[in-house]
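Some notes on the structure that comes next.
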Amino acid sequence: MAVKTALREIVFDAICQLGIAAEDVPPFDIDVSRVEEHGDFTTNVAFLIAPGLGLTPREAASRIATFATGRNPVARAEAAGAGFVNLFLDRSWLSELVKTIDREGEGYGAWDFGRGTTVLLEYVSSNPTGPLTVGHGRQAVLGESLACILERCGYDVTREYYFNNMGAQMRLLAESVYCRYRQVMGEEAVFPEGGYEGEYIVDIAREIRGQRGGHLTDGDLELFKRDAEAAIFRNIRSTLARLGIVFDVFYNENSLHDSGKLTEVLNELAGKDLTYEKDGALWFKATDLGEENDRVVVKGTGEPTYLLPDIAYHREKYNRGFSTMIDVLGADHHGQVPYVLAGIRALDLDAERVKVLLHQFVTLVSEGKRIRMSTRKAAFVTLDELIDEVGVDAVKFFFLLRKASAHLDFDIELAKRESDENPVYYVQYAHARISSILQHAGRVGVEVVPGSSADLSLLTEPEETILIKWMARFPDIVRRSAETLEPHRIPFYLMDLAAHFHNYYHRHRVVTDEALLTQARVVLVKCVAQVLRNGLSLIGVSAPESM
RNA sequence: GCGCCCGUAGCUCAGCUGGAUAGAGCGCCGGACUUCGAAUCCGUAGGUCGCAGGUUCGAAUCCUGCCGGGCGCGCCA
């Protein structure tokens with residue numbers, strides 16, 4: 001926002017004027033004021049510099065205000081409260097902002113501070129043992145939104161899905177399918193201990209029966225595994241596609257085994273004397289890197305634990321040249337994060353470049369009771385089912401309506417029953433309503449002019465000022481969402497923007513008898529629709545023309 | 001026992017890297033459609049920000065200790 005940059009320079013000059021060297025100026029805030037009496041913008045800088053100057057914050061604020069007053073675009077500045085500096089701008093800044101939004105269109109709210117930075121964003125990463133659950137849904141939506149936000153800030157984002165299709169769990173999957181296969185043919189078969197009980201296993205068994213016939217035996221388990229994996233992955237991809245999520249890379253853990261990357265990591269760790277043998281297993285000396293315990297990397301059976309491929313995988317991310325790596329993980333993984341990071345440090349890689357975004361669990365609540373989710377026990381509601389019930393837009397909006405670090409109670413009945421009252425419709429309705437207004441304007445022959453040639457100084461109603469100021473904050477919201485990896489800020493912002501618009505709508509008419517005023521208001525509401533679209537696109541939610 | 005997350009209105013949750021009088025949705029109550037979409041709007045009520053200290057101009061926010069809930073702490077992934 002050009003205005004803010006200008007204000008920042010003025011305040012900066014003011015501080016230097018008070019005798020502070022340019023390099024000693026602390027980072028300070030300049031924000032859109034929340035209350036009208038506090039002007040258009042406010043800064044807290046006086047609090048920060050007062051001690052060093054031997055002044056009270058109030059005195060420092062007062063001097064800054066005197067300096068800033070009259071310097072374009074500041075019409076007037078005043079010290080307030082304990083030491084705030086409130087900046088009152090020439091009213092034209094509001095018009096300028098509307099023109100900016102009108103001109104930038106889809107680009108309004110975008111940044112380029114991420115330009116030149118490549119990001120590997122890993123999320124979902126669910127192994128192909130069953131359909132995606134509601135829990136995966138939260139992660140999928142969270143990760144995808146984050147990807148969009150980072151891209152809007154200029155980052156070059158690669159979306160990656162990491163999975164493992166070997167090992168005990170997949171073997172169990174194959175045995176489960178094989179058992180159902182026999183049962184489908186009316187034969188007796190003992191279901192494996194701890195096997196996958198979901199109905200989808202039976203479906204897969206039937207499919208195999210239909211395509212390959214009934215002659216398969218337990219000697220064909222590898223075949224069952226492959227077919228099951230393929231079927232489940234088809235299902236996972238189709239669910240993701242419904243959410244508009246398309247991964248750039250599906251990274252298979254096996255490739256790390258096959259290409260010898262695991263051995264390389266082991267050798268490197270051994271070379272640094274960071275491994276040792278004990279009880280027939282190979283241990284990683286995580287304690288040497290400041291962690292609480294050492295961890296097994298190769299079991300007594302000769303198989304690696306999950307930790308080894310995890311470290312090797314991250315090493316590959318570095319080798320592939322990414323500047324930043326973001327792992328979106330469920331809270332149940334947080335305990336192992338320190339050990340993976342320790343492994344990264346052990347390999348002399350900069351662990352600071354890995355950011356882990358942990359999200360708390362989704363607890364399903366049905367009829368007031370909590371349901372424990374387990375893929376194996378088939379005690380889950382699939383993401384597909386949830387989408388069927390509530391719709392994709394509502395699912396996404398709902399998942400992003402709370403910060404990742406907070407638990408999410410998902411009441412199934414509530415979501416179904418109140419789907420019409422989901423906040424997503426509130427935001428979408430504002431957009432549809434504006435579309436409707438614009439259609440109406442077209443029907444009655446309003447000449448729609450670009451913001452640059454409309455007389456925006458006619459937008460003087462308090463509700464118009466509030467609306468414009470709120471739109472002015474959008475770029476900051478986007479930036480902050482990217483910096484903190486917190487997509488939930490977007491839907492909250494949009495709900496407020498929609499509220500300000502609905503309020504404005506009820507108090508003022510856009511299409512009036514006055515041609516110039518109508519033109520200006522049409523430009524204004526078009527901008528509101530644009531910002532709504534720009535925000536909704538960051539969370540993958542549609543902006544309907546009508547609903 | 002140790003680590004991480006959470007505790008804000010009856011319920012579900014925001015609170016912008018410490019800022020001015022703590023907000024929204026749902027629910028309750030009372031109003032607003034002959035005019036651009038009432039899936040909307042306006043108003044009322046509702047708070048010891050879990051508790052107790054500390055840091056400072058200022059704390060829901062940062063630190064410490066408790067209380068309560070969730071999740072981790074494997075030669076499982």
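Here is how names work: the chains are called A, B, and so on, in the same order as the sequence lines, proteins then strands, and each is numbered from 1.
- Taking the six-membered ring wherever Trp is involved, the centroid distance between the rings of A:F284 and A:Y339 does not fall below 6.0 Å.
- With P as the reference atom, B:rU12 and B:rC57 are 39 Å apart, rounded to whole Å.
- Contact of A:H334 with B:rG3 (side chain to base): a donor-acceptor pair of N or O atoms is detected under 3.5 Å.
- A donor-acceptor contact under 3.5 Å is not formed by the side chain of A:E486 with the base of B:rA14.
- A:R58 meets the side-chain hydrogen bond (donor to acceptor under 3.5 Å, both in side chains) test with no other residue; sequence neighbours excluded.
- B:rU35 and B:rC16 have their C1' atoms separated by 40 Å, given to the nearest Å.
- Between A:K299 and B:rG74 there is no side-chain polar atom (N or O) within less than 4.0 angstrom of OP1 or OP2.
- Side-chain contact between A:Q169 and A:L173 is absent, with no heavy atoms from C-beta onward closer than 4.5 Å.
- Against RNA chain B, the stretch residues 523-536 of chain A makes no heavy-atom approach under 4.0 Å.
- Atoms CD1 (A:I434) and P (B:rG37) sit 12 Å apart, rounded to a whole Å.
- Side-chain nitrogen and oxygen atoms of A:Y429 include at least one within less than 4.0 Å of the OP1 or OP2 phosphate oxygen of B:rA39.
- Between A:H502 and the phosphate of B:rA38, there is no side-chain N or O to OP1/OP2 separation shorter than 4.0 Å.
- Side-chain N/O atoms of A:S436 include one lying less than 4.0 angstrom from OP1 or OP2 on B:rG37.
- Under 4.0 angstrom from either OP1 or OP2 of B:rU40 there lies no side-chain N or O belonging to A:N503.
- Comparing the same atom, C1', in B:rA14 and in B:rA9 gives a spacing of 13 Å after rounding to whole Å.
- In this structure, A:F492 reaches the sugar-phosphate backbone alone: every heavy-atom distance under 4.0 Å involves primed, P, OP1 or OP2 atoms, never a base.
- Side-chain atoms of A:Q360 lie closest to B:rG70 of the nucleotides B:rC36, B:rG70, B:rA14.
- Taking the six-membered ring for Trp, A:Y162 and A:Y313 have ring centres closer than 6.0 Å.
- A:N86 and A:E78 share no side-chain donor-acceptor pair at under 3.5 Å.
- Remark: the A:T42 side chain and the B:rA20 base include a donor-acceptor N/O pair separated by less than 3.5 Å.
- If you look at A:F233 and A:F163, their ring centroids are closer than 6.0 Å.
- In this structure, A:Y504 has its ring center under 6.0 Å from that of A:H508.
- When distances run from any side-chain atom of A:Q336 to the nucleotides B:rA77, B:rG19, B:rA38, the shortest one goes to B:rA77.
- Residue A:K403 places at least one side-chain N or O under 4.0 Å from the OP1 or OP2 atom of B:rG15.
- Taking the charged nitrogens against the carboxylate oxygens, A:D476 and A:R489 have no contact shorter than 4.0 Å, which rules out a salt bridge.
- Residue A:R489 is in sugar-phosphate contact alone, with no base atom involved, counting any heavy-atom pair closer than 4.0 Å across all strands shown.
- Among the atoms of the strands shown, none is found under 4.0 Å from any heavy atom of A:N165.
- When the P atom is compared between B:rC29 and B:rC71, the two are found 37 Å apart, to the nearest whole Å.
- Going from the P atom of B:rU48 to that of B:rU34 covers 43 Å, rounded to whole Å.
- To the nearest angstrom, C1' of B:rA14 lies 9 Å from CE of A:M495.
- Here the P atom of nucleotide B:rA24 and the CH2 atom of A:W470 are 11 Å apart, to the nearest Å.
- Dashed line: the shortest gap from a side-chain N or O of A:Y425 to OP1 or OP2 of B:rC26 is not under 4.0 Å.
- Proximity of A:R433 to the phosphate of B:rA38: a side-chain N or O atom is located under 4.0 Å from OP1 or OP2.
- B:rG31 and B:rG69 have their C1' atoms separated by 41 Å, given to the nearest Å.
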Secondary-structure string, 5' to 3', Watson-Crick or G-U under 3.5 Å, | for another-strand partners, for RNA chain B: (((((((..((((.....[...))))..((((.......))))......(((((..]....))))))))))))....
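- Looking at A:R473, its side chain comes within 3.5 Å of the base of B:rC16 through a donor and an acceptor atom.
- Among the heavy atoms of the strands, none lies under 4.0 Å from A:A50.
- For B:rC67 and B:rG50, the C1' atoms lie 7 Å apart once the distance is rounded to whole Å.
- Residue contacts for A:G300: at a heavy-atom cut-off of 4.0 Å it reaches a base atom on one of the strands shown.
- Between the side chain of A:D332 and the base of B:rA77 there is no donor-acceptor pair of N/O atoms closer than 3.5 Å.
- The pair A:E160-A:K317 does not meet the salt-bridge criterion, since no charged nitrogen lies less than 4.0 angstrom from a carboxylate oxygen.
- Taking atom P on both B:rC13 and B:rC66, the two are 27 Å apart, rounded to the nearest angstrom.
- Looking only at side-chain heavy atoms (C-beta outward), A:R315 and A:I344 stay at 4.5 Å or farther from each other.
- Using a 4.0 Å heavy-atom cutoff across all strands shown, A:L282 reaches no nucleic acid atom at all.
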